[in-house]
Visitor: 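Okay, handing you the structure first.
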Amino acid sequence: MISISHVSKSYGSFQVLKDCNAEVARGEVVVICGPSGSGKSTLIKTVNGLESIDAGEIKVGDFLLAPRVTHMAALRRSVGMVFQSFELFPHLSVLSNVTIAQTKVLKRPKAVAEEKARALLARVGLSAHIAKYPAQLSGGQQQRVAIARALALDPEVMLFDEPTSALDPEMVNEVLDVMTSLAKQGMTMICVTHEMGFARNVANRVLFMDGGEIVETAGAAKFFNAPASERAKAFLARILKH
Amino acid sequence: MKVDLSAVASVAPFLLSGLLFTIQITVVGVAGGIVFGSLLAVARLSPNRLLSAFATAYINLMRSIPLIMVIFWVFFLVPWAIGWLVNHGRPVAVGASLTIYATFVLFEAAYYAEIVRAGFRSISTGQYAACEALGLSRFHAYVYILFPQAIRNVLPILLTQTIILFQDTSLVYVISATDLLGAATKIAQRDGSLVEMYLTVGVVYFLFCYAASQLVKWLQGRLAYGAR
């Protein structure tokens, strides 16, 4: 489904991504973890072209993304993204947030788009909040709207860039529950997250990044029980101490 | 000296017609200025260097020239310019009203452009990323997502600029147009009622501007997202 090969990127003299290679199969859930500044967010943003790449190529389905490819409408349509800080449109109601791209990008009739939005908002447990504005919702609710907004375009792949990092602890689970059920329904997902419980229980595989490199790729159970690299061992020791 | 306010009552219709023209200039200046100014703001923020350089130059030029000079130039030079272009060098009469409308749109657009640009700059980069990630075209993103937020973020400043524009309309006296101040001046000189006329006009300007500034205050409280 997704193949990342020899991808590199630099900001000036600082190389954020160093020859990254990864494959994600259809229906697979992959978690990217690693210390902050390791390039996780940059890597996930290259997959839908939010970050350009300097070398290498990325294939998403039939779409080939290489340096200097600029026409990405087809790619954006098949890849949904959820951001750390939600990025809902504050001047639009919850319902409009979920319909706007459907009507403008996919040219769906308004009634069809609204029906789809209602169904998705019901699926993430927000039927009661359809007419509200983002500022009237809690962080966890906003992030669930953001997930519904991305799903509204029927993406083949969902990218999650630290979806729970900006949430109060008691709201993390409502978002992880939605992500888990999405994974169970067979969605192809790449998640940058620090939620190791989610990684262990839901992910098929873990990519461990450090210093812009993909240091280790392993099945989730193997990664947590017997990490191969010293850097992964040190990372896990640090975050699983408590 | 005697102040005789009954002198005002008898010329009220004439003053009102002046006020009407003042309001017309303001409405045209605000509507045209915000539309043209928003286009200038988008042009200035555009990745296209040529477009951005043109918009920047236009804005800086207009903001460096006093309004009174722009009114003069448009009034005296544009008839010659049009004549030179289409009428074998003979100047074409443009008319005071049209000159004034055009001047205020062209001039105020530069100020509105900078305000709208500030509005765009105050939107988080994440919003731009969200538009891109959803596959919205640049046009759709600007029209439906970014512009509404930009305007909302700077609405109080836009209104403040509009109050300034309303006051600036009084400068059209330099080409003898009959706005509120122009009407009052003409009456004052005819009847020798300078104090009464300028007092009346001053009060009218004050009332309009004070009401508008109260509106700004009220809006600032209402505009926070999610405020009811």
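Note: hydrogens, waters and symmetry copies are ignored here, and every other heavy atom, side chains too, is used. Lettering follows sequence order; numbering is per chain, from 1.
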Visitor: If you draw a 6.0 Å radius around OH in B:Y111, do more than 12 non-hydrogen atoms from other residues or ligands fall strictly inside?
Guide: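 Yes.
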
Visitor: Count the heavy atoms belonging to other residues, nucleotides or ligands that lie under 6.0 Å from CZ of B:F139, then report whether that count exceeds 12.
Guide: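 12 or below, so no.
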
Visitor: List the atom of A:K104, the atom of B:L136, and the distance in Å for their closest heavy-atom pair.
Guide: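 Here A:K104 and B:L136 meet closest at CB-CD2, 3.8 Å.
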
Visitor: Counting only heavy atoms not in A:K110, do more than 12 fall under 6.0 Å of its NZ?
Guide: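 Atom NZ in A:K110 is not packed in, count stays at 12 or less.
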
Visitor: Identify the two heavy atoms, one from A:N48 and one from B:A133, that lie closest to each other, and give their separation to 0.1 Å.
Guide: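 In terms of heavy atoms, the two residues are closest at ND2-CB, 3.8 Å.
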
Visitor: So, for A:P90 and B:Q127, which heavy atoms are closest and what is the spacing to 0.1 Å?
Guide: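 That closest heavy-atom pairing would be CD-OE1, 3.7 Å.
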
Visitor: Report the distance from atom CZ of A:R76 to atom CG of B:L134, rounding to the nearest 0.5 Å.
Guide: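 With rounding to 0.5 Å, CZ (A:R76) is 10.0 Å from CG (B:L134).
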
Visitor: Counting heavy atoms not belonging to B:N48, are there more than 12 under 6.0 Å from its CG?
Guide: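 Correct, the count exceeds 12.
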
Visitor: If you compare all heavy atoms of B:I145 against all heavy atoms of A:L92, which two are closest, and at what distance to 0.1 Å?
Guide: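 Heavy atoms only, the tightest pair is CD1-CD1, 4.0 Å.
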
Visitor: Other residues, nucleotides and ligands only: do more than 12 of their heavy atoms fall within 6.0 Å of CZ on B:R138?
Guide: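 12 or below, so no.
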
Visitor: The test is side-chain contact (heavy atoms from CB on, under 4.5 Å); show your working for A:E87 and B:S124 and say whether it passes.
Guide: CA-CA 9 Å; A:E87 300 303 346; B:S124 77; 3.5 Å; yes

Visitor: Are more than 12 heavy atoms, taken from residues, nucleotides or ligands other than B:Y210, located less than 6.0 Å from that residue's OH atom?
Guide: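 No - once you tally the heavy atoms of other residues, nucleotides and ligands closer than 6.0 Å, there are 12 at most.
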
Visitor: Any idea which heavy atoms bring A:H91 and B:Y144 closest together, and the distance?
Guide: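 Scanning both residues, the minimum pair turns out to be NE2-O, 2.8 Å.
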
Visitor: With a cut-off of 6.0 Å (strictly less than), are more than 12 heavy atoms of other residues, nucleotides or ligands near OH of B:Y101?
Guide: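 Count over threshold, so yes.
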
Visitor: Tell me, for A:L106 versus chain B, whether the close heavy atoms (under 4.5 Å) come from the side chain, the backbone, both or neither.
Guide: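 For A:L106, neither part sits under 4.5 Å from chain B.
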
Visitor: Counting only heavy atoms closer than 4.5 Å, note whether B:S137 contacts chain A via side chain, backbone, both or neither.
Guide: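 Neither part, no heavy atoms under 4.5 Å.
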
Visitor: Would a 4.5 Å heavy-atom cut-off, applied to side chains only, mark A:F89 and B:P148 as touching?
Guide: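 SC-SC contact between A:F89 and B:P148 ruled out.
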
Visitor: If you draw a 6.0 Å radius around CG in B:L207, do more than 12 non-hydrogen atoms from other residues or ligands fall strictly inside?
Guide: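 Yes, because the 6.0 Å sphere around CG of B:L207 holds more than 12 heavy atoms from other groups.
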
Visitor: Which bit of A:F83 is near chain B, if near means a heavy-atom gap under 4.5 Å: side chain, backbone, both or neither?
Guide: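 When you check distances to chain B, only side chain atoms of A:F83 fall under 4.5 Å.
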
